[in-house]
Amino acid sequence: DGGITQSPKYLFRKEGQNVTLSCEQNLNHDAMYWYRQDPGQGLRLIYYSQIVNDFQKGDIAEGYSVSREKKESFPLTVTSAQKNPTAFYLCASSTGSHEQFFGPGTRLTVL
Amino acid sequence: AQTVTQSQPEMSVQEAETVTLSCTYDTSESDYYLFWYKQPPSRQMILVIRQEAYKQQNATENRFSVNFQKAAKSFSLKISDSQLGDAAMYFCAYMWGGTSYGKLTFGQGTILTVHP
């Protein structure tokens with residue numbers, strides 16, 4: 001059963017801590033993306049990767065980091081430098097057909 | 001930079017009626033794609049419909065259709081025979097067509113309520 005999984009579904013972070021959000025896909029898609037969604041706003045691109053071991057910054061990359069060591073995996077680390085990390089995070093992947101498929105999301109809350 | 005604007009924060013419709021959600025965008029490119037995504041309370045993003053800019057014919061998917069006005073840079077979504085399950089947040093999105101792995105630029109979203 002192909003798809004995109006994100007874990008955990010809910011994540012709580014203390015101020016000053018780094019946390020890592022997982023995104024895995026078994027669709028054999030080349031490209032993967034991370035978006036952030038805040039209340040009342042649309043999604044904004046954080047980072048994206050078109051091939052393994054390569055990634056580019058999106059519109060709001062400050063305070064975030066990523067890696068792409070495997071085609072299936074694209075983890076996102078929210079660092080302590082991100083001043084307002086409470087948000088809903090969505091991972092997506094693409095075959096290159098100008099269409100993106102989304103995971104179920106992770107809700108991050110800073111305590 | 002490309003921008004996408006949805007001027008209706010909220011819309012409502014009676015079950016079985018028709019509703020139109022508005023979207024405008026700004027781009028200097030000629031090759032691009034436009035999308036409508038649905039986000040129900042589960043928050044899973046679901047692709048509703050897509051439109052290639054080079055196609056003059058408006059896209060249609062069952063009860064969902066678009067009115068694509070390229071010169072006016074307008075891309076509205078019409079939902080016919082509205083159902084309770086259509087209640088969700090709807091996002092309009094733009095993607096430049098110059099690369100196969102384009103980035104999506106989203107509008108702010110429109111919350112659609114369906115009344116029984």
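Please read these numbers as outputs of a predicted model, since none were measured by experiment.
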Exercise. Where on Q100(A) is there a heavy atom nearer than 4.5 Å to chain B: the side chain, the backbone, both, or neither?
Worked result: both

Exercise. Which residues, numbered in order, of residues 60-95 of chain B come under 4.5 angstrom of chain A by heavy-atom distance?
Worked result: F91(B), M95(B)

For this session: Pick whichever of Y48(A), Y33(A), F102(A) has the most heavy-atom pairs under 4.5 Å with chain B.
Result: F102(A)

Exercise. Chain A contacts: which residues in residues 28-59 of chain B have a non-hydrogen atom closer than 4.5 Å to it?
Worked result: Y33(B), F35(B), Y37(B), Q39(B), R43(B), Q44(B), M45(B), L47(B), R50(B)

Problem set entry | Option in A92(A), G103(A), G105(A) with maximal non-hydrogen atom pairs under 4.5 Å from chain B | G103(A)

Exercise. Hey, does the side chain of T77(A) reach the backbone of T79(A) with a donor-acceptor pair shorter than 3.5 angstrom?
Worked result: no

For this session: For chain A, find its close neighbours in residues 104-116 of chain B: heavy-atom separation under 4.5 Å, sorted by number, or none.
Result: L104(B), F106(B), G107(B), Q108(B)

Exercise. To the nearest 0.5 Å, what is the distance between CG (L111(A)) and CD (E15(A))?
Worked result: 9.0 Å

Exercise. Contact part of F101(A) toward chain B, heavy-atom cut-off under 4.5 Å: side chain, backbone, both or neither?
Worked result: neither

Exercise. K9(A) and R107(A): side chain to side chain contact (heavy atoms under 4.5 Å, CB included), yes or no, with the steps?
Worked result: CA-CA 6 Å; K9(A) 186 173 183 178; R107(A) 173 69 182 176; over 6 Å; no

Exercise. Is any residue of residues 62-76 of chain A within less than 4.5 Å of chain B by heavy atoms, and which ones?
Worked result: none

Exercise. In Å and rounded to the nearest 0.5 Å, what is the CG to CD distance from D26(B) to Q2(B)?
Worked result: 8.5 Å

Exercise. Where on R44(A) is there a heavy atom nearer than 4.5 Å to chain B: the side chain, the backbone, both, or neither?
Worked result: neither

Exercise. Considering only heavy atoms, which portion of L90(A) lies under 4.5 Å from any heavy atom of chain B: side chain, backbone, both, or neither?
Worked result: side chain

